[in-house]
J.: 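Structure in structure tokens, see below.
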Amino acid sequence: MDNSIIGIGIALGVSFFILYTRKKKWMTEKIVWLICIGLLVFGIFGFLYSKSEFRDDKVMYFGFCVPIVYWIFDRLFKKISENIHKRDFILFLSYSDEINDGFGAKNPHVKDSDKLFSFGLLIIIVATLFLGIKIL
């Protein structure tokens, strides 16, 4: 099995899991910071101690570093939204608990900045991963 698949799965899986559960009561900021820092430490040690000729291993370890990048931008967008709207941004993505995503559904409580932050986080997750794959 290709090791890079593991890194890509971790990068996308953990980032999207945190994205969709970020407002759950059991998913506190402390838990997310611990998860992201733990994965980052694992990824950095993997980079330092893996053999440099194996590109698949580098991609795998880079995948462990992606969730912290997502989380930093999530916190940044939260602060901006709190300054603008006095609340955390609303996740405007399909299957989010914060919106009605049914056919023809209206979401008047969702502002344009909420949409921008939601799609921005998607782009950050995927772009960080592809940028890392391209560079490595």
Side-chain angles (χ1 to χ4, degrees):
M1 184 168 140
D2 188 6
N3 287 344
S4 62
I5 300 287
I6 296 168
I8 293 168
I10 292 293
L12 294 176
V14 172
S15 296
F16 280 109
F17 176 74
I18 294 170
L19 177 65
Y20 276 96
T21 60
R22 63 190 197 84
K23 289 189 178 175
K24 302 287 186 191
K25 288 187 185 224
W26 54 270
M27 184 60 93
T28 63
E29 281 192 44
K30 183 177 180 179
I31 291 172
V32 177
W33 278 114
L34 289 173
I35 290 169
C36 291
I37 290 172
L39 289 172
L40 178 67
V41 168
F42 186 76
I44 289 172
F45 278 115
F47 269 125
L48 295 176
Y49 295 110
S50 69
K51 296 186 178 179
S52 60
E53 64 266 8
F54 298 123
R55 181 180 182 276
D56 292 346
D57 288 345
K58 287 183 181 180
V59 171
M60 178 181 71
Y61 292 122
F62 180 78
F64 286 97
C65 301
V66 170
I68 193 103
V69 174
Y70 150 73
W71 186 242
I72 289 169
F73 277 99
D74 184 274
R75 298 296 86 190
L76 176 68
F77 292 165
K78 178 182 178 179
K79 291 290 184 195
I80 294 170
S81 181
E82 286 174 346
N83 288 338
I84 296 171
H85 304 297
K86 307 294 185 239
R87 61 167 171 77
D88 193 358
F89 68 92
I90 295 170
L91 185 63
F92 188 73
L93 298 175
S94 294
Y95 308 110
S96 170
D97 295 337
E98 301 174 54
I99 62 166
N100 182 0
D101 61 350
F103 182 71
K106 303 275 190 237
N107 290 293
H109 64 290
V110 178
K111 308 289 185 213
D112 289 337
S113 62
D114 297 324
K115 295 175 185 178
L116 179 69
F117 294 149
S118 297
F119 294 122
L121 286 174
L122 287 178
I123 291 168
I124 287 166
I125 293 168
V126 176
T128 304
L129 181 61
F130 283 135
L131 185 66
I133 291 171
K134 182 75 172 167
I135 290 172
L136 297 175

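We use all heavy atoms of the structure for the numbers below, so side chains are in, but hydrogens, waters and symmetry mates are not. Since the model is a prediction, treat every value here as computed from it, not as a measurement.
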J.: Would you list the atom pairs, donor with acceptor, under 3.5 Å between side chains in residues 114-127 and any protein atom, with sequence neighbours excluded?
T.:
from : atom 1 : to   : atom 2 : distance (Å)
D114 : OD1    : R87  : NH1    : 3.1
D114 : OD1    : I90  : N      : 3.2
D114 : OD2    : R87  : NH1    : 3.4
D114 : OD2    : R87  : NH2    : 2.8
D114 : OD2    : K111 : N      : 3.0
S118 : OG     : I90  : O      : 3.3
S118 : OG     : F92  : N      : 2.8
S118 : OG     : D114 : O      : 2.9

J.: Which pairs count as side chain to side chain donor-acceptor pair (under 3.5 Å) when at least one residue sits in residues 12-21, sequence neighbours excluded?
T.: none
J.: Given E29, which of R22, K78, K24 fulfils the salt bridge (Lys or Arg N to Asp or Glu O under 4.0 Å) condition?
T.: K78
J.: Any non-hydrogen side-chain atom of L39 less than 4.5 Å from a side-chain atom of I68?
T.: no
J.: Hey, does V66 have a side-chain heavy atom less than 4.5 Å from the side chain of V14?
T.: no
J.: Roughly how far, to the nearest 0.5 Å, is the CD1 atom of I80 from the NE2 atom of H85?
T.: 10.5 Å
J.: Starting at CZ of F64, measure out to CZ of F47 and round the result to the nearest 0.5 Å.
T.: 11.0 Å
J.: Check whether Y61 and I135 end up in the same hydrophobic cluster, where Ile, Leu, Val, Met, Phe, Trp and Tyr are linked by side-chain heavy atoms less than 4.5 Å apart.
T.: no
J.: Is D97 close to K23 at the side-chain level, that is, under 4.5 Å between some pair of heavy atoms?
T.: no
J.: Between CZ of F42 and CD1 of I44, what distance do you get to the nearest 0.5 Å?
T.: 12.5 Å
J.: To the nearest 0.5 Å, what is the distance between CZ (F77) and CG (L91)?
T.: 12.5 Å
J.: So does F73 have more than 12 non-hydrogen atoms from other groups sitting under 6.0 Å from CZ?
T.: no
J.: For a 4.5 angstrom cut-off between non-hydrogen side-chain atoms, does D74 reach V32?
T.: no
J.: Apply side chain to side chain contact (heavy atoms under 4.5 Å, CB included) to the pair L12 and Y70, showing each step before the final yes or no.
T.: CA-CA 10 Å; L12 294 176; Y70 150 73; over 6 Å; no
J.: With a 4.5 Å cut-off on side-chain heavy atoms, are V59 and D56 touching?
T.: no
J.: Are F62 and L131 close enough that some pair of their side-chain heavy atoms sits under 4.5 Å apart?
T.: no
J.: Are E98 and H109 side-chain neighbours, meaning at least one heavy-atom pair lies under 4.5 Å?
T.: no
J.: Hey, can you tell me if W33 and W71 have their rings parallel, tilted or perpendicular (30° and 60° cut-offs)?
T.: perpendicular
J.: Taking atom CD1 of I72 and atom SG of C36, what is their separation to the nearest 0.5 Å?
T.: 8.5 Å
J.: With hydrophobic residues grouped by side-chain heavy-atom distances under 4.5 Å, do V41 and L34 end up in a single group?
T.: no
